[in-house]
Amino acid sequence: ISELSTGIIKEELIAVDGQKVFATPQPISSLDKIQVFRNGTEINFTATPGTSQLTLQLYADTNGACLEGDQIKIYQWK
């Protein structure tokens, strides 16, 4: 986890096969304060404010989950 000078917290993770739930750097205050990328492409997710996890919305071509080694980046604004 690293905090950028812009007030954004960035977390980089490596997924395991079948993973779609990831912890956020801090509790979610608002869904519009989070961006998630999988292998460099922004992706949709679902989450509940007040929690510290999100679920990726992936397509059927990956069985709806990450593949082993996928790079996940979570950007969260304070």
Side-chain angles (χ1 to χ4, degrees):
I1 299 173
S2 61
E3 186 168 344
L4 307 176
S5 62
T6 56
I8 299 170
I9 298 172
K10 175 180 145 183
E11 184 163 14
E12 295 185 39
L13 306 160
I14 301 298
V16 296
D17 192 47
Q19 186 175 5
K20 59 183 176 180
V21 177
F22 293 89
T24 57
Q26 61 184 13
I28 299 166
S29 62
S30 175
L31 297 183
D32 63 355
K33 292 185 175 186
I34 298 176
Q35 278 186 294
V36 182
F37 294 83
R38 175 178 167 245
N39 298 329
T41 302
E42 188 170 8
I43 57 172
N44 293 326
F45 63 91
T46 58
T48 302
T51 66
S52 294
Q53 74 177 27
L54 52 83
T55 302
L56 305 183
Q57 295 179 324
L58 300 172
Y59 296 108
D61 65 335
T62 59
N63 293 323
C66 289
L67 301 174
E68 183 75 31
D70 281 350
Q71 183 180 39
I72 305 298
K73 291 183 182 178
I74 300 172
Y75 294 89
Q76 188 170 11
W77 284 257
K78 289 185 170 185

Looking at every heavy atom in both Glu12 and Gln71, which two are closest together, and how far apart are they? OE1-NE2, 3.6 Å
Measuring only between side-chain heavy atoms, which start at C-beta, is Gln76 closer than 4.5 Å to Ile8? no
For a side chain to side chain contact (heavy atoms under 4.5 Å, CB included) with Leu56, tell me which candidate from Val36, Asp70, Asn44, Thr46 qualifies. Val36
Identified side chain to side chain donor-acceptor pair (under 3.5 Å) partner of Gln35 from the options Glu42, Lys10, Lys73: Glu42
So, Gln19 side chain and Val21 main chain: donor-acceptor pair closer than 3.5 Å or not? yes
Heavy-atom pair of closest approach, residues Ile28 and Ala47: CD1-CB, 3.6 Å
Linking I/L/V/M/F/W/Y whenever their side-chain heavy atoms sit closer than 4.5 Å, directly or via other members, would Phe37 and Ile14 fall into one cluster? no
Could you state the interatomic distance from CD (Gln53) to CD1 (Ile74), rounded to the nearest 0.5 Å? 10.5 Å
Mind checking the CD-NZ spacing from Gln26 to Lys78? Nearest 0.5 Å is all I need. 6.5 Å
Could you give the distance from CD1 (Ile72) to CZ (Phe22), rounded to the nearest 0.5 Å? 4.5 Å
What heavy-atom pair brings Pro49 and Ser29 nearest, and what distance separates the two atoms? CB-O, 4.2 Å
To check you understand the geometry: which heavy-atom pair defines the closest contact between Ser52 and Pro27, and what is its length? OG-CA, 3.3 Å
As an exercise, state the distance from CG of Leu13 to SG of Cys66, rounded to the nearest 0.5 Å. 9.5 Å
Taking every non-hydrogen atom, the tightest pair across Pro25 and Ile9: CB-CG2, 3.3 Å
Sub-4.5 Å side-chain heavy-atom contact between Trp77 and Asp32: no
